Number of protein chains: 2
Amino acid sequence: MARTAQFSRDDFLRCAGRLIAERGPEAATTAAILNGVGAPAGSFYHRFTSRDLFLGELWLGLAERYQTEFLACLRTQGALAAALFTPRWVRDHPVEARVLLLYRKEDFASRNWSADFTRRAADLAEHLTGGLRDFAAGLGGPSPDETFQRVRFALVDVPLAAVRRHLKDNTPLAASVDDLVGTCCSALIPPA
Amino acid sequence: MARTAQFSRDDFLRCAGRLIAERGPEAATTAAILNGVGAPAGSFYHRFTSRDLFLGELWLGLAERYQTEFLACLRTQGALAAALFTPRWVRDHPVEARVLLLYRKEDFASRNWSADFTRRAADLAEHLTGGLRDFAAGLGGPSPDETFQRVRFALVDVPLAAVRRHLKDNTPLAASVDDLVGTCCSALIPPA
DNA sequence: TATCATCTAGAATATGTATTCTATTTCCAT
DNA sequence: ATGGAAATAGAATACATATTCTAGATGATA
């Protein structure tokens, strides 16, 4: 009933991911993507309404997968495991890690996102703070909000900082990174 | 012997800094800068050879000032003071902090830097690692390189991570940030 | 094998942005 | 006063990149 597709949405997404991992979001021009996939412009715009939404799809997909795993890890294995989740994820997904963790959301979201995408991004952020707040509440302490901020710093900000330098250099993640992250985590969230 | 200048290099640099602090490096288009200063294109290109070198000058200037103060603080006041230097600098220089610490060097340096600028950037990086290595050497310990990496993490990466979330939200830096940074610093570099 | 929705094809267009170019103005030293 | 260097002025140009547009190809189904 119709011509068979020669390219898939994933062909474009993967190619863009590779380009970004290697040379940054700027390098993922439509021309570079089309050239990498070997497709004409028509085939790209047949599948995606614009480059902005295309990049949004790439970013949201990665972020949703990463964050879901992270929150599951936090719930089932606790603070230290969650703090060490990010270095592990970087080792397991070197390309995705560079795309998702080395650049800023704004490099992908710049503007013109659909209501659906804006919603997905907001849900994502809300889901993360929700998970962290729940965990912080379980720890007790006098100020729930102070605890939340401390937990977020220990489990999100510090691990990301530890990992970014290596992502930037494109060097394998040293085992000592886990020590640094673990030391901070234990200091910030004393084990029971 | 010549017409008096209506604009200064600093007018352009300051305007670009303001634009970047408010809306990111992308917002500092030549058109936006010219419009902000109220100058014609000729006056800009009379002073700067290109936008790339112009942004480089802006970034290098800020980075050199920030880093010089940081290293002086480390030398004279030690690890904890150096770790707390960054939050203090952010409070004292809200605009400059967003330009320098919220974005990546690559957002400014992209390409086409002169040999002079490349050299200044390399010197800067070398100077920083030098200062950190010297300090780490003073701490002793079995592995100088491991100590160096730990010091760099405690005094550079962790403070930057602590500060970035607030820079992104453009919210004043809470005092609790200093506690988080201090806790990590003391755990990573036990006071003598 | 005729149909037709889907997909490929890529040239043409639109847009934003950096940069150049050719006057023209201004002011100080003579 | 005036010659000339430095600065302003802004229209014109160059360029990269995203997007549109029209035509044509393909292949499962009736």
Side-chain angles (χ1 to χ4, degrees), chain A residues 1-20 22-60 99 103 106-114 117, chain B residues 1-20 22-59 103 106-114 117:
Chain A
M1 206 186 196
R3 183 174 182 174
T4 53
Q6 215 168 128
F7 316 102
S8 68
R9 292 171 68 87
D10 246 41
D11 288 338
F12 293 99
L13 289 166
R14 261 196 292 266
C15 177
R18 189 169 42 73
L19 284 167
I20 293 169
E22 281 169 11
R23 301 188 281 123
E26 326 281 84
T29 62
T30 52
I33 297 167
L34 296 175
N35 176 58
V37 173
S43 294
F44 177 85
Y45 283 97
H46 183 66
R47 293 173 172 74
F48 305 98
T49 56
S50 75
R51 177 175 177 271
D52 279 0
L53 292 195
F54 169 76
L55 287 183
E57 190 157 325
L58 177 60
W59 188 86
L60 278 172
V99 176
Y103 304 101
E106 288 71 34
D107 293 330
F108 298 87
S110 51
R111 48 201 151 253
N112 305 341
W113 265 19
S114 63
F117 275 26
Chain B
M1 207 188 193
R3 183 173 181 175
T4 54
Q6 214 169 128
F7 316 101
S8 68
R9 293 171 65 88
D10 245 39
D11 288 338
F12 293 100
L13 289 167
R14 261 196 292 267
C15 176
R18 190 170 41 74
L19 285 166
I20 293 170
E22 282 170 11
R23 303 188 279 121
E26 326 280 86
T29 61
T30 52
I33 297 166
L34 296 175
N35 176 60
V37 173
S43 293
F44 177 86
Y45 284 95
H46 182 65
R47 294 173 169 76
F48 305 98
T49 56
S50 74
R51 178 176 177 270
D52 279 1
L53 291 195
F54 169 76
L55 287 183
E57 190 157 324
L58 177 60
W59 189 87
Y103 304 100
E106 288 72 32
D107 293 331
F108 299 87
S110 51
R111 44 197 154 258
N112 306 342
W113 265 19
S114 64
F117 276 26

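Labels below follow one simple rule: chain letters A, B, ... track the order of the sequence lines, proteins then strands, and each chain is numbered from 1. Note that the coordinates shown come from a computational prediction; the quantities given were computed from them, not determined experimentally.
- For the atom pair CD of E26(B) and CG of D107(A), the computed distance is 7.0 Å after rounding to the nearest 0.5 Å.
- Checked by atom type and distance alone, the side chain of R51(B) pairs as donor or acceptor with a backbone atom of A28(B) at under 3.5 Å.
- For N112(B) and dT17(C), the CG to P distance is 18 Å, given to the nearest whole Å.
- Screening W113(A), F44(A), W59(A) for a ring-ring contact (aromatic ring centres under 6.0 Å, His included) with F54(A), the sole residue that qualifies is F44(A).
- Residues F7(B) and C15(B) form no side-chain contact, since every pair of their non-hydrogen atoms from C-beta on lies 4.5 Å or further apart.
- Counting to the nearest Å, the P atom of dA18(D) and the CG atom of L53(A) are 14 Å from each other.
- The nearest whole Å value for the distance from the CG atom in N35(B) to the P atom in dG16(C) is 16 Å.
- Minimum heavy-atom separation, G17(A) to V99(A): O-CG2, 3.4 Å.
- Between L34(B) and F12(B), some side-chain heavy-atom pair lies under the 4.5 Å cut-off.
- Taking atom CZ of residue R51(A) and atom P of nucleotide dG16(C), one finds them 15 Å apart after rounding to whole Å.
- Side-chain contact check for L53(B) versus F48(B): every heavy-atom pair is 4.5 Å or farther apart.
- Here dT20(D) presents its C1' atom at 15 Å from NE2 of H46(A), a figure rounded to the nearest Å.
- An OP1 or OP2 oxygen of dT8(D) is reached within less than 4.0 angstrom by a side-chain nitrogen or oxygen of R47(B).
- The interatomic distance linking F44(A) (CZ) with dC21(D) (C1') rounds to 17 Å, in whole Å.
- Summarising the geometry, the separation between CG on D52(A) and C1' on dT15(C) is reported as 14 Å, rounded to the nearest angstrom.
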Within the sub-3.5 Å range, which N or O atoms of nucleotides 9-16 of chain D have a protein N or O partner, and how far apart are they?
{"from": "dG10(D)", "atom 1": "O6", "to": "G42(B)", "atom 2": "N", "distance (Å)": "3.3"}

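- One atom, OH of Y45(A), and another, P of dT13(C), lie 17 Å apart when rounded to the nearest Å.
- Nearest to the side chain of T4(B), among dA5(D), dT19(D), dC27(C), sits dC27(C).
- Taking the side chain as every heavy atom from C-beta outward, D11(A) and R14(A) approach each other to under 4.5 Å.
- In this structure, the separation between CD1 on I20(B) and CG on L55(B) is 5.5 Å, given to the nearest 0.5 Å.
- In terms of phosphate contacts, T30(B) brings no side-chain nitrogen or oxygen within less than 4.0 Å of OP1 or OP2 of dT17(C).
- Rounded to 10°, the angle separating the first-five-pair axis and the last-five-pair axis of the helix from dT1(C)-dA30(D) to dT30(C)-dA1(D) equals 10°.
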